[in-house]
Student: 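If you scroll down you'll find the structure; I have some questions about it.
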Amino acid sequence: MSETKQVPGQALLELFDNAAKSYAHITELASMAASWDSQRTIEELAVAVLRAGEDVNGVLSDVRNIIRFYMTASTVAGKDYDARKVRLLLRSAKGLVRLANIIKVSVPRTRDRPLSNEEIAKVFAKDVLSRGSPMGFYKSAHSLFRRLLERSREMLKEGSDNLALIGVLPKKRILEEFEESVPDIGKLSEPVNDNEGGEADQ
């Protein structure tokens with residue numbers, strides 16, 4: 001690669017690296033909530049949602065990294081990026097942020113210090129289960145994480161393929177590096193009402 005191409009090539013690789021790290025963070029959050037105990041499942045999923053909704057290290061920051069990489073990679077490869085895909089990915093991330101805010105406001109603030117995500121999730125899970133309706137929250141969070149994972153995966157794939165097309169990346173899809181760590185969102189365990197010995201009421 002000539003010296004004139006080294007600087008833009010390095011910048012593209014940095015964008016790619018940030019996008020890949022953001023995708024890995026999204027897969028980490030999406031793989032939570034694998035317990036068969038109802039309260040534990042809701043707690044873990046609520047923690048994941050709260051982490052996703054954080055201002056600094058939340059999924060909005062992740063998807064912005066992925067979108068920036070996707071749009072730039074499309075442009076340098078001489079292609080038009082899909083604005084609809086960008087909007088849908090942002091919508092999934094903002095949906096998780098809204099759900100995180102709903103969890104936060106549902107928990108009374110009765111202490112002098114701020115509650116941790118784990119403490120908020122524990123109170124929230126107890127409240128949801130006491131009302132006998134955990135599946136509404138579970139299905140909403142499950143669906144948002146599934147769409148976020150699928151859409152971010154698709155954008156990272158297209159962006160990495162575009163960089164491979166122009167010779168910035170090796171002709172190997174980056175998603176292969178993450179495939180083992182990507183959760184099967186469609187098979188996450190559903191919370192069980194242990195008191196009744198069956199599934200929680202939907």
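This one's a predicted model, so the numbers in the text were calculated from it and none came from an experiment. Numbers here are sequence positions counted from 1.
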Student: Under the salt bridge (charged side-chain N to carboxylate O under 4.0 Å, His left out) rule, collect the residues that match up with R84, sequence neighbours excluded.
Tutor: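 R84 satisfies salt bridge (charged side-chain N to carboxylate O under 4.0 Å, His left out) with no residue once adjacent residues are dropped.
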Student: Going by side-chain contact (heavy atoms from CB on, under 4.5 Å), name the residues that satisfy it together with A46, two or more places apart in sequence or in a different chain.
Tutor: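 With sequence neighbours excluded, A46 shows a side-chain contact (heavy atoms from CB on, under 4.5 Å) to I103, A121, F124, F137, given in chain and number order.
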Student: Under the rule for side chain to side chain donor-acceptor pair (under 3.5 Å), what residues qualify as partners of R68, not counting sequence neighbours?
Tutor: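 By the side chain to side chain donor-acceptor pair (under 3.5 Å) rule, R68 matches N65.
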Student: Please list all pairs passing the salt bridge (Lys or Arg N to Asp or Glu O under 4.0 Å) test where one or both residues lie in residues 47-58, with sequence neighbours left out.
Tutor: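 For residues 47-58: E28-R51.
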Student: Treating S143 as the side-chain partner and K139 as the backbone partner, does any N or O pair qualify as donor plus acceptor under 3.5 Å?
Tutor: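 Absent.
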Student: Check side chain to side chain donor-acceptor pair (under 3.5 Å) between S116 and all other residues, then give those that pass, not counting sequence neighbours.
Tutor: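 With sequence neighbours excluded, S116 shows a side chain to side chain donor-acceptor pair (under 3.5 Å) to E119, given in chain and number order.
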Student: Can you pull out every salt bridge (Lys or Arg N to Asp or Glu O under 4.0 Å) where at least one residue sits in residues 121-136? Sequence neighbours excluded, please.
Tutor: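 Applying salt bridge (Lys or Arg N to Asp or Glu O under 4.0 Å) to every pair that reaches into residues 121-136, excluding sequence neighbours, yields D127-R131.
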Student: Could you report the tightest heavy-atom contact between F69 and G159, atom names first, then the distance?
Tutor: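 For F69 and G159, the tightest heavy-atom pair comes out as CZ-C, 3.4 Å.
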Student: Hey, are the side chains of I26 and I66 touching, using non-hydrogen atoms and a 4.5 Å cut-off?
Tutor: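 With C-beta onward as the side chain, the pair touches.
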Student: Quick test of your reading: applying side chain to side chain donor-acceptor pair (under 3.5 Å), list the pairs with at least one residue in residues 92-108, sequence neighbours left out, ordered by first then second residue.
Tutor: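 As it turns out, the side chain to side chain donor-acceptor pair (under 3.5 Å) pairs with a partner in residues 92-108, which skip direct neighbours, are S92-R151.
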Student: Residues two or more places apart in sequence or in another chain: which of them pass side-chain contact (heavy atoms from CB on, under 4.5 Å) with R91?
Tutor: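 side-chain contact (heavy atoms from CB on, under 4.5 Å) check on R91 returns L88.
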Student: Using side-chain contact (heavy atoms from CB on, under 4.5 Å) as the criterion, list what pairs up with L96, not counting sequence neighbours.
Tutor: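 For L96 the side-chain contact (heavy atoms from CB on, under 4.5 Å) partners, ignoring immediate neighbours, are V49, A52, V59, L144, F145, L148.
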Student: Could you tell me which residues satisfy side-chain contact (heavy atoms from CB on, under 4.5 Å) with K85, sequence neighbours excluded, listed by chain and number?
Tutor: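 Result, side-chain contact (heavy atoms from CB on, under 4.5 Å) vs K85: Y70, D82, E154, M155, E158.
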Student: Quick one: list whatever passes salt bridge (charged side-chain N to carboxylate O under 4.0 Å, His left out) with E150, sequence neighbours left out.
Tutor: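 E150: salt bridge (charged side-chain N to carboxylate O under 4.0 Å, His left out) contacts with R146.
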Student: Apply side chain to side chain donor-acceptor pair (under 3.5 Å) to N162 and list each qualifying residue two or more places apart in sequence or on a separate chain.
Tutor: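 Expected list: K79.
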Student: If every non-hydrogen atom of L115 is compared with every non-hydrogen atom of V107, which pair is closest and at what distance?
Tutor: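 For L115 versus V107, the nearest heavy atoms are CD1-CG1, 3.9 Å.
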Student: Supply the atom-to-atom distance L89 CG to S152 OG, rounded to the nearest 0.5 angstrom.
Tutor: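 Between L89 CG and S152 OG, I get 6.0 Å after rounding to 0.5 Å.
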